[in-house]
**Student:** 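If you scroll down you'll find the structure; I have some questions about it.
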Protein chains: 2
Amino acid sequence: MPRSTKFDRDKAIEIVMHKIWKDGFQSSSVKAISELLRITRSSFYNAFGDRETLFKEVFAHYSATTPLMNLMLVEQGETVKPVFTKTLRELCAIRANDSLHSGCLAMNGVAEIGGSDSELACFLQQQLALSNARAEELIRWALEGGELAADTNVEGLALAVTNLFVGLNIMSNVIKDEGQLWLAAKTTLQGLNLFAE
Amino acid sequence: MPRSTKFDRDKAIEIVMHKIWKDGFQSSSVKAISELLRITRSSFYNAFGDRETLFKEVFAHYSATTPLMNLMLVEQGETVKPVFTKTLRELCAIRANDSLHSGCLAMNGVAEIGGSDSELACFLQQQLALSNARAEELIRWALEGGELAADTNVEGLALAVTNLFVGLNIMSNVIKDEGQLWLAAKTTLQGLNLFAE
DNA sequence: ATATATTTGTACATATGTGTACAATATATG
DNA sequence: CATATATTGTACACATATGTACAAATATAT
């Protein structure tokens with residue numbers, strides 16, 4: 001019967017997430033993480049394989065908890081504009097009131113390692129593309145549901161929404177005032193005819 | 001009479017800029033940079049002091065060459081919307097066609113180290129705040145010049161513009177198609193009533 | 001040739017970090 | 001107690017990286 005792990009794997013994922021969110025990827029070495037988790041490097045390799053594998057797992061964990069998940073849960077037929085509005089409202093609140101972290105783990109990652117050709121970078125790029133595709137789908141539903149004019153450029157609007165998300169997530173590294181973040185979001189949403197409270 | 005340097009300092013700044021743009025800050029060690037410049041670490045420390053000081057100098061150099069400089073050169077009385085439009089048009093073209101780099105050095109930096117309390121992070125944060133203030137000033141001029149309605153929320157519009165810049169600069173790490181980048185920018189500019197070709 | 005100021009080079013001591021091999025250990029079961 | 005199995009621990013060999021001290025080298029003027 002196998003020996004059981006000395007540490008709680010789910011908890012470790014959480015701890016590592018906070019570490020790379022705070023210090024970035026390059027600064028989160030196997031040695032540093034192992035010390036943080038109070039395990040030897042041997043245990044690290046055994047449990048997680050390598051850094052990239054672990055980071056991907058951390059991202060999956062992170063993705064399940066971001067405001068963007070709201071967009072994933074919408075079903076066709078629901079009103080779309082309030083979903084966008086509420087999601088961004090929430091995103092601004094979370095980013096502004098997060099005293100532990102800065103910005104968004106995923107977008108920070110895109111900026112830090114997005115240019116490299118590592119598997120993790122590809123993974124992050126795919127995530128962004130999926131988000132954009134989802135935004136496009138929602139906008140298409142909004143158009144079909146009469147929330148948007150028939151001549152709306154769905155692709156352009158989706159890219160603008162994606163850009164809005166990305167910008168807010170990065171800008172929140174610097175601007176920590178919820179009112180200002182929300183003002184930027186609201187102004188853009190209104191301009192894009194996606195604001196509805 | 002002092003000995004002169006063996007290397008061209010301006011050229012060194014340029015080389016270091018490309019290095020950190022490609023590999024990020026943490027990965028650009030004194031050792032790596034010295035090897036890249038083909039100088040000893042002793043010369044590095046003597047010429048540049050330390051990494052942070054050098055990176056700040058690199059940023060000053062970079063700032064002088066980004067499309068955002070267009071906004072700095074506008075004078076009161078000029079028409080503002082075409083300046084925004086042209087600047088963003090140019091930014092999308094540069095980012096899409098840059099095969100050496102990914103994204104924007106400054107915004108990548110904000111994401112990578114923006115959460116830390118280093119001097120460099122503070123420097124980057126100030127740069128972003130200055131950009132936003134400048135956008136606000138231009139928008140105010142546009143309003144006074146009749147390009148924008150008198151009830152325009154200047155602060156909100158400036159924040160939205162800043163967010164647009166930030167988003168594009170990060171998104172361009174992933175989306176390399178100039179048409180798509182420009183579509184996102186154009187859609188947003190039109191929505192914000194700042195588009196004029 | 002000499003003085004001078006700056007730059008470059010070398011060595012020292014130390015720190016962080018990596019992958020791997022394999023022994024030691026914890027646990028359930030017969 | 002013996003056995004099987006997965007986890008933890010330790011050591012090895014190596015790599016990257018840092019700041020500092022100070023000697024050596026160099027360009028220039030006199």
Side-chain angles (χ1 to χ4, degrees), chain A residues 1-58 61 109 112-113 115-121 123, chain B residues 1-58 61 109 112-113 115-121 123:
Chain A
M1 184 63 183
R3 175 178 175 173
S4 55
T5 64
K6 243 177 60 170
F7 62 96
D8 182 320
R9 189 185 172 98
D10 289 341
K11 198 156 170 199
I13 298 289
E14 190 83 22
I15 291 172
V16 174
M17 182 185 79
H18 293 305
K19 163 75 177 170
I20 61 179
W21 202 341
K22 176 167 173 293
D23 297 332
F25 290 87
Q26 298 301 333
S27 302
S28 303
S29 63
V30 170
K31 182 170 179 289
I33 290 169
S34 302
E35 282 170 0
L36 189 63
L37 299 179
R38 294 211 189 78
I39 62 178
T40 60
R41 293 191 296 110
S42 194
S43 296
F44 175 96
Y45 286 115
N46 184 67
F48 304 115
D50 56 24
R51 248 174 30 126
E52 279 217 350
T53 309
L54 171 62
F55 288 167
K56 267 195 256 180
E57 202 173 328
V58 166
H61 177 80
E112 189 187 340
I113 61 175
S116 79
D117 47 8
S118 66
E119 265 191 53
L120 189 58
F123 178 74
Chain B
M1 190 60 184
R3 175 179 177 172
S4 55
T5 63
K6 236 175 65 165
F7 62 96
D8 182 320
R9 189 186 172 100
D10 289 338
K11 196 151 172 206
I13 298 290
E14 190 83 22
I15 291 172
V16 173
M17 183 185 78
H18 294 305
K19 164 76 177 170
I20 62 179
W21 201 342
K22 176 168 173 289
D23 297 331
F25 289 86
Q26 298 301 334
S27 303
S28 304
S29 64
V30 169
K31 182 170 181 290
I33 289 168
S34 302
E35 282 169 1
L36 189 62
L37 299 178
R38 293 210 188 81
I39 62 176
T40 60
R41 292 190 296 107
S42 194
S43 296
F44 174 97
Y45 286 116
N46 184 67
F48 303 115
D50 57 24
R51 246 172 33 124
E52 278 217 351
T53 308
L54 172 62
F55 288 167
K56 267 194 255 177
E57 202 172 328
V58 166
H61 176 81
E112 190 187 340
I113 61 175
S116 78
D117 47 8
S118 66
E119 266 192 51
L120 188 58
F123 179 73

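In what follows, chains carry the letters A, B, and so on, assigned in the order in which the sequence lines appear, proteins first and then strands, with residues in each chain numbered from 1. These numbers come from a predicted model, not from an experiment.
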**Student:** Expressed as a whole number of angstroms, how long is the span from B:Phe7:CZ to C:dT8:C1'?
**Tutor:** 10 Å
**Student:** Is the backbone of B:Ile113 close enough, under 3.5 Å, to the side chain of B:Ser116 for a donor and an acceptor to pair up by distance?
**Tutor:** yes
**Student:** How long is the line joining CZ of A:Phe25 and C1' of C:dG17, in whole Å?
**Tutor:** 19 Å
**Student:** Counting N and O atoms only, with roles assigned by atom type, does the side chain of A:Arg9 sit under 3.5 Å from a partner on the main chain of A:Ala47, one being a donor and the other an acceptor?
**Tutor:** yes
**Student:** Round to the nearest Å and state the distance from B:Glu35 atom CD to D:dA15 atom C1'.
**Tutor:** 12 Å
**Student:** Rounding to a whole Å, what distance do you find between A:Ile33:CD1 and C:dG17:C1'?
**Tutor:** 12 Å
**Student:** How about B:Ile33 and B:Phe48: do any of their side-chain heavy atoms sit closer than 4.5 Å?
**Tutor:** no
**Student:** If we count only N and O atoms by modelled type, under 3.5 Å, do the side chains of B:Asp50 and B:Thr53 hold a donor and an acceptor together?
**Tutor:** yes
**Student:** For DNA chain D, which residues of residues 11-24 of chain B approach it to below 4.0 angstrom with any heavy atom?
**Tutor:** none
**Student:** Please report, rounded to the nearest Å, how far the P atom of D:dT7 is from the CG atom of A:Leu37.
**Tutor:** 16 Å
**Student:** Could you state the atom-to-atom distance from CZ of A:Phe48 to P of C:dT18 in whole Å?
**Tutor:** 15 Å
**Student:** I want to confirm an ordering. Mapping A:Ser28 and B:Asn46 to their closest nucleotides on DNA chain C, which one lands closer to the 5' end?
**Tutor:** B:Asn46
**Student:** Does B:Phe7 offer a backbone N or O that forms a donor-acceptor pair with the side chain of B:Arg38 under 3.5 Å?
**Tutor:** no
**Student:** Without swapping roles, check the side chain of A:Gln26 against the backbone of B:Asp23 for a donor-acceptor pair under 3.5 Å.
**Tutor:** no
**Student:** Looking across every strand, which nucleic acid part, if any, lies under 4.0 Å from A:Thr40 by heavy atom: base, sugar-phosphate, or nothing?
**Tutor:** base
**Student:** To the nearest angstrom, how far is B:Glu52 atom CD from D:dT18 atom P?
**Tutor:** 13 Å
**Student:** In the 5'-to-3' direction, what one-character label does each nucleotide of nucleotides 20-30 of chain D receive under the scheme B = base within less than 4.0 Å of a protein heavy atom, S = sugar-phosphate only, - = no such atom?
**Tutor:** B----BBBB--
**Student:** With both distances kept under 3.5 Å, what pairs with D:dT30, Watson-Crick or G-U wobble?
**Tutor:** C:dA1
**Student:** Calculate, to the nearest 0.5 Å, the distance between atoms OG1 and NZ belonging to A:Thr40 and A:Lys6 respectively.
**Tutor:** 7.5 Å
**Student:** Expressed in angstrom and rounded to an integer, what is the separation of A:Arg38 atom CZ from D:dT8 atom P?
**Tutor:** 15 Å
**Student:** Side-chain N or O of B:Lys6 less than 4.0 angstrom from OP1 or OP2 on C:dT6?
**Tutor:** no
**Student:** Does OP1 or OP2 of D:dA17 have a side-chain N or O of B:Ser29 closer than 4.0 Å?
**Tutor:** yes
**Student:** Do any N or O atoms from the side chain of B:Glu112 and from the backbone of B:Gly24 form a donor-acceptor pair under 3.5 angstrom?
**Tutor:** no
**Student:** Using a strict threshold of under 4.0 Å (side-chain N to carboxylate O), is an ion pair present between A:Lys56 and A:Glu52?
**Tutor:** no
